[in-house]
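What follows is a single structure, written as structure tokens, with notes after it.
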Amino acid sequence: MTWSFSLGRILGSELRVHVTFFLLLAWVGFAAYSSGGLPAAVENLIFVLALFACVVAHEFGHALMARRYGIKTPDITLLPIGGLARLERMPEKPMQEVWVALAGPAVNIVIWLILVVLGAGMPLETMAQIDSTGPGLMNRLAYLNLLLAAFNMIPAFPMDGGRVFRALLCLKMDRVKATRVAALAGQIVAVAFGFWGLSVGNPILVLIAVFVFVAANSESHDVAMRSVVRRVLARDAMITEFHALSPTDTLATAAQAVIHTTQHEFPVLDSAGALLGFVTRDRLFTALTGDIPRSDPATSIMVTDIPQVQLACGLETVLDGLHKGAPAIAVCTQAGNMVGYITRENIGELMVIQGR
Ligand SMILES: [Zn+2]
């Protein structure tokens, strides 16, 4: 989710907005302006901001319920389909996952009830005019909260209903298989939404379809990867045959090493075998195309803050380190000698070999 930017922190979570959320806002605003002029556009702007607040409240429903089980939510991203609360980890027990998933739609039901108590009517014709100012702000918001709750309860990934569905499947089968079933349901729903959107000429429905399809697929992939990661140790994944550089090697020597090996990352080891850092092919190429003399020490372009793990460390820790941008993770003995290292590329190979 790189197409998003931060709006700041609320209740311990960073609130991010995906650019396509603005497409939704723009489409709603444009539709109102072309049918009702400026006053309609202003009312719709207020409406959209209120809707935005309801979506945020929905996501905080998930985040606050997750916190009850000791799980933090580092960020919440708003998408046209409602939003994604990225939990630091998934609840261990399926029933906890059910409660976390249900907490979001429950917030929309509560908002709906409050709006009804405050006097929002529910005439059926509001349904057909949800994108115009005709039915009045309160009625539209009441309907939209019901729709948000209903849409999110569709039992297909990545909707909340899909999570409930997956959690219930987990009681009968393993998590990877359960996710695959829920994700497949999500993709079937996405295709149906896509056709519906195309047949009525509604670009928002098509957009939702694309999102649901992609999200269902990536969740399935992510869960499969995490299950591999959980049973593999650093020792099983590390590269043990490699060419290392010494602190006295020059850029020219490093360049020779790039040509004579298939490595993209070269550890720099001192005479005792302790790791000083990594010289990467990318950094070397940048240095060679610049004005830096080739007789300069290779250590001058070395990445020094390389995370180090023990042989029996789980691969999850390694993945976290790579996610934070390290070119490699060093695997060291208790005495501090590097015996191997792990890169993104060899984790990719491991997935192919052990993934399915
Ligand atoms: Zn939700």
May I ask you to test the [X]-[Y] pair for a side-chain heavy-atom distance under 4.5 Å?
X	Y	value
Met302	Arg283	no
Val107	Phe60	no
Met153	Phe165	no
Arg16	Leu78	no
His62	Asp160	yes
Pro74	Glu14	no
Phe213	Ile188	no
Leu322	Ile329	yes

task = Enter the distance from Tyr143:OH to Leu148:CG here, rounded to the nearest 0.5 Å.
result =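 Here the interatomic distance stands at 14.5 Å.
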
ask   = Going from CZ on Arg86 to CD1 on Ile76, what distance comes out if it is rounded to the nearest 0.5 angstrom?
value =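 Going from CZ on Arg86 over to CD1 on Ile76, the span is 11.0 Å.
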
task = With Met238 as reference, evaluate Leu311, Asn346, Val318 under the side-chain contact (heavy atoms from CB on, under 4.5 Å) test and give the passing residue.
result = Leu311

query = Where do Leu315 and Leu350 come nearest, in terms of heavy atoms and distance?
reply = CD2-CD2, 3.5 Å

Where Gly61 and Ala103 come nearest, the two heavy atoms and their spacing =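 Shortest heavy-atom separation between Gly61 and Ala103 comes out as O-CB, 3.3 Å.
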
query = Do any N or O atoms from the side chain of Arg9 and from the backbone of Gly12 form a donor-acceptor pair under 3.5 angstrom?
reply = yes

query = Can you check side chain to side chain donor-acceptor pair (under 3.5 Å) on His58 and Asn145, steps first, answer last?
reply = CA-CA 9 Å; His58 171 109; Asn145 274 285; over 6 Å; no

message = So that I know where these two stand, are Phe266 and Tyr341 an aromatic pair - ring centroids less than 6.0 Å apart?
response = no

